[in-house]
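Comments concern the structure below.
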Amino acid sequence: MARKGEASTSPYAWVHGDPRKVVYPTDSYGQFCGQKDTINENKTSLFYFNILKCASPIVLINLQCPTTQLCVSKCPDRFATYIDMQASYRYNKSYWEYYRQFCKPGFNKPLKSVAQVIRDEDCPSMIIPSRPFLKRCFPDFSTKNGILTVANQTTFKDGRGKTRNVTDLREAANGINNVLDARSVGMKIFEDYASSWHWILIGLFIAMVVSLLFLVLLRFTAGVLFWIFILGVIGIIGYGIWHCYWEYDHLQGTPGSDLTIYDIGFQTDFRVYLQLRQTWLAFMIILCIVEVFIILMLIFLRNRIRIAIALLQEGSRAIGYIMSTLFYPIITFILIAICISYWAVTAVFLSTSGEPVYKVMANQTLCKYANLTCDPETFNTTNVTKLCVGAQCTFAFYGGESFYHKYIFIFQLSNAFVFLWLVNFAIALGQCTLAGAFASYYWAFRKPADIPTCPLFSSFGRAIRYHTGSLAFGSLILAIVQLIRIILEYLDHKLKGTQNSFTRFLLCCLKCCFWCLEKFIKFINRNAYIMIAIYGKNFCTSAKEAFFLLMRNVVRVAVLDKVTDFLLFLGKLLVAGGVGVLAFFFFTHRIPVFTQETPTLNYYWVPLLTVIIGSYLIAHGFFSVYAMCVDTLFLCFCEDLERNDGSTAKPYYMSASLHRILGKKELSPKKAMG
């Protein structure tokens with residue numbers, strides 16, 4: 001039954017949901033403003049009877065302001081009050097014709113007493129010059145000589161016999177002006193994009209070329225970059241040891257320097273500790289231990305480091321033979337975009353699938369019926385209006401009391417779960433496809449002669465035809481863990497104000513455990529997909545074989561992982577930083593050759609940040625393919641070592657460079673020629 005309910009969530013939401021509730025503002029009667037084929041088709045703006053009751057624009061947009069709201073064709077463009085209109089009506093009825101468009105539909109009693117009109121909220125007691133923003137009528141605020149004004153006036157009549165200052169609207173005015181300033185900034189940013197978009201594309205193209213060159217050149221520079229970095233670290237630590245010794249020796253004979261850290265106790269000014277010889281001695285000992293540890297690690301792991309570097313170089317060579325793999329992330333991006341679109345559309349339909357709910361809106365704070373649900377059709381026949389003078393039954397929000405509406409949160413979780421499952425499946429499909437393509441490279445005895453035609457397309461076809469179930473199962477496990485993490489985050493947010501320390505501690509532990517579990521499952525899934533691509537076995541068997549294979553080579557895994565992470569981090573830094581520096585000099589007119597071509601911008605950081613972020617994402621896309629290539633080649637390499645012995649009957653499939661590092665006997669002549 002649960003599955004049936006979950007499966008029917010999306011169709012039910014699409015049938016009963018109404019995204020117009022998000023697009024159009026809604027008046028006090030639950031009707032949309034500006035909706036076609038309705039009485040409000042030409043009334044596109046929402047007007048508030050008494051804007052003074054609304055604390056800020058955020059309340060106006062997201063919550064319900066405690067005043068009558070009507071759909072109007074245009075916002076007021078003048079100051080006026082109901083009292084003044086009534087006085088002018090006796091000799092000029094045009095005042096009423098203008099004022100009545102802001103009254104309740106059907107109200108046509110201009111001589112009704114002001115007190116009764118205000119009590120029944122038939123018409124607003126005043127109207128203020130306004131302008132539409134987000135399809136709502138906001139007062140037309142402006143500043144003149146640093147003074148807040150509305151239509152160049154600093155005072156206005158409130159329609160109740162008082163003259164008020166515009167500063168009474170200051171709280172709303174400040175929020176509105178901030179929103180309008182943001183709107184102005186948004187327009188300037190749009191102008192910057194419009195004038196610099198082609199230069200942004202050129203910058204991103206340069207990032208793509210640089211990323212490609214970096215991957216191609218890794219076969220020649222991987223070892224050099226790594227050893228330069230390691231020697232740099234050793235040199236910096238060595239300098240630190242020398243500096244600590246110099247400080248230790250320099251403080252000799254200085255009064256108070258021979259005190260111990262225990263003698264002076266805890267000090268908030270940490271510079272005090274730097275005056276002690278014992279502090280510099282401790283620093284020197286720690287750095288010496290780190291230096292010795294790094295050197296010993298390099299000595300004992302030198303062969304594994306050489307294997308890791310050789311695999312990185314082999315990965316660059318494999319990508320050089322199968323260049324189409326670099327553009328596969330575009331397919332993954334499209335699939336994930338489709339998943340996000342499906343989730344977003346379904347979430348909007350779910351959140352707007354309720355019926356209009358009306359609540360009692362009372363001006364009296366002691367009204368016991370305030371905020372209770374009501375029926376607008378029968379409200380006037382109840383005694384609520386007698387007990388709470390001026391109370392109204394107005395639209396509040398969309399919801400309902402049915403089974404569906406009670407469990408709308410569960411349906412949203414189900415939608416989120418489907419979203420996570422689909423996204424993880426799209427990523428798994430990409431990993432399995434790339435793994436199959438790179439595995440076909442490794443297991444080609446003569447490279448590149450034995451590499452199959454269109455290895456990427458063939459691998460994609462195999463993944464879709466034979467491995468969909470395995471990929472879906474692995475994605476399901478990961479999606480379940482991710483959903484549990486989302487639920488834990490939700491519970492943590494809800495219980496944030498609780499004073500129960502044990503509950504907070506338990507939630508913290510659970511969040512930590514499931515975070516670790518998610519990382520572990522991602523690691524297992526990634527390698528399981530590689531084994532699936534190589535052998536075509538089911539998910540559980542592939543995950544088990546991949547796990548034990550990695551455990552038998554755990555040191556090699558650790559070394560390769562760290563070396564790969566370092567080089568790819570260096571590559572991303574090089575691409576994003578290099579292209580970013582070039583873009584900075586270009587957009588700030590610091591390249592004389594391109595001074596005339598550089599566009600004039602409001603904010604040069606707009607295209608600059610776009611280029612930097614875009615360059616990083618492009619580099620990440622290219623390097624994710626490279627990381628998958630290295631992981632695939634590593635598992636193939638471990639399998640090659642366990643299945644073969646280098647003899648004529650069982651020759652190695654690894655490259656000649658890897659073979660030499662292992663110190664095995666020479667390859668067969670046929671292999672050496674490849």
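Keep in mind the model is a prediction, meaning the values are calculated, not measured.
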Short question: side chain of [X], backbone of [Y] - any donor-acceptor pair under 3.5 Å?
| X | Y | result |
| --- | --- | --- |
| S470 | H467 | no |
| S459 | P455 | no |
| T325 | I322 | yes |
| N644 | Y652 | no |
| R302 | I299 | yes |

Geometric cation-pi criterion K537 and Y535, 6.0 Å radius, 45° cone: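 Relative to the ring axis of Y535, which defines the angle, K537 lies inside both limits.
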Test the R277-Y248 pair against the cation-pi criterion, namely NZ or CZ under 6.0 angstrom from the six-membered ring centroid and within 45° of the ring axis.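 Judged by the rule (NZ or CZ under 6.0 Å from the ring centre, within 45° of its axis), R277 counts as positioned above Y248.
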Any chance the side chains of [X] and [Y] put a donor and an acceptor closer than 3.5 Å?
| X | Y | result |
| --- | --- | --- |
| D640 | Y442 | yes |
| N424 | Q482 | yes |
| D561 | T564 | no |
| Y441 | T632 | no |

Supply the atom-to-atom distance [X] [atom1] to [Y] [atom2], rounded to the nearest 0.5 angstrom.
| X | Y | atom1 | atom2 | value |
| --- | --- | --- | --- | --- |
| C629 | Y626 | SG | OH | 7.5 Å |
| E518 | R485 | CD | CZ | 4.5 Å |
| S440 | I534 | OG | CD1 | 10.5 Å |
| L507 | D492 | CG | CG | 5.5 Å |
| H243 | M284 | NE2 | CE | 12.0 Å |
| E291 | I234 | CD | CD1 | 6.0 Å |

Of the non-hydrogen atoms in [X] and [Y], which two are nearest, and what is the gap between them?
| X | Y | result |
| --- | --- | --- |
| V555 | R304 | CG1-CD, 3.4 Å |
| S475 | W421 | CB-CD1, 3.6 Å |
| G320 | M323 | O-CG, 3.5 Å |
| F622 | S211 | CD1-CB, 3.7 Å |
| L471 | A428 | CD2-O, 4.0 Å |
| G240 | L287 | C-CD1, 3.6 Å |

Can you find a heavy atom in the side chain of [X] that is under 4.5 Å from one in the side chain of [Y]?
| X | Y | result |
| --- | --- | --- |
| F523 | K519 | no |
| F547 | N527 | no |
| W227 | I309 | yes |
| Y193 | T610 | yes |
| I532 | T541 | no |
| M551 | V557 | no |
| I206 | L582 | yes |
| V611 | F584 | no |

Would you say [atom1] of [X] has more than 12 non-hydrogen atoms from neighbouring residues, nucleotides or ligands within 6.0 angstrom?
| X | atom1 | value |
| --- | --- | --- |
| F425 | CZ | yes |
| F566 | CZ | yes |
| R643 | CZ | yes |
| W515 | CH2 | no |
| W443 | CH2 | yes |

For the residue pair [X] and [Y], categorise the inter-ring angle as parallel (less than 30°), tilted (30 to 60°) or perpendicular (more than 60°).
| X | Y | result |
| --- | --- | --- |
| F586 | W199 | tilted |
| W605 | Y603 | tilted |
| F445 | Y653 | perpendicular |

Identified side-chain contact (heavy atoms from CB on, under 4.5 Å) counterpart of P329 within the set V625, I334, I336: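 Single side-chain contact (heavy atoms from CB on, under 4.5 Å) partner of P329 among V625, I334, I336: V625.
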Under the ring pair (Phe, Tyr, Trp, His ring centres under 6.0 Å) criterion, do W280 and H250 qualify, and how do the steps go? CA-CA 11 Å; W280 292 105; H250 182 71; over 10 Å; no
Under the ring pair (Phe, Tyr, Trp, His ring centres under 6.0 Å) criterion, do Y245 and W242 qualify, and how do the steps go? CA-CA 5 Å; Y245 174 77; W242 175 84; 8.6 Å; no
Assess the pair Y342 and F419: is the distance between their ring centroids shorter than 6.0 Å?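 Ring centroids of Y342 and F419 are no less than 6.0 Å from each other.
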Ring center gap for F214 and F623 short of 6.0 angstrom: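 F214 vs F623: aromatic centres under 6.0 Å.
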Determine, step by step, whether F594 and I591 satisfy the side-chain contact (heavy atoms from CB on, under 4.5 Å) criterion, reporting the C-alpha distance in whole Å, the side-chain angles of both residues, the deciding distance to 0.1 Å, and the verdict. CA-CA 6 Å; F594 297 102; I591 302 179; 3.6 Å; yes
For L204 and S615, run side-chain contact (heavy atoms from CB on, under 4.5 Å): C-alpha distance rounded to whole Å, both residues' side-chain angles, the deciding distance at 0.1 Å, then the answer. CA-CA 6 Å; L204 297 180; S615 299; 4.2 Å; yes
Decide side-chain contact (heavy atoms from CB on, under 4.5 Å) for L212 and L326; before the verdict, give the C-alpha distance in whole Å, the side-chain angles of both, and the deciding distance to 0.1 Å. CA-CA 8 Å; L212 181 60; L326 290 175; 3.0 Å; yes
Stepwise side-chain contact (heavy atoms from CB on, under 4.5 Å) test for F438 and I530: CA-CA 10 Å; F438 293 125; I530 295 174; over 6 Å; no
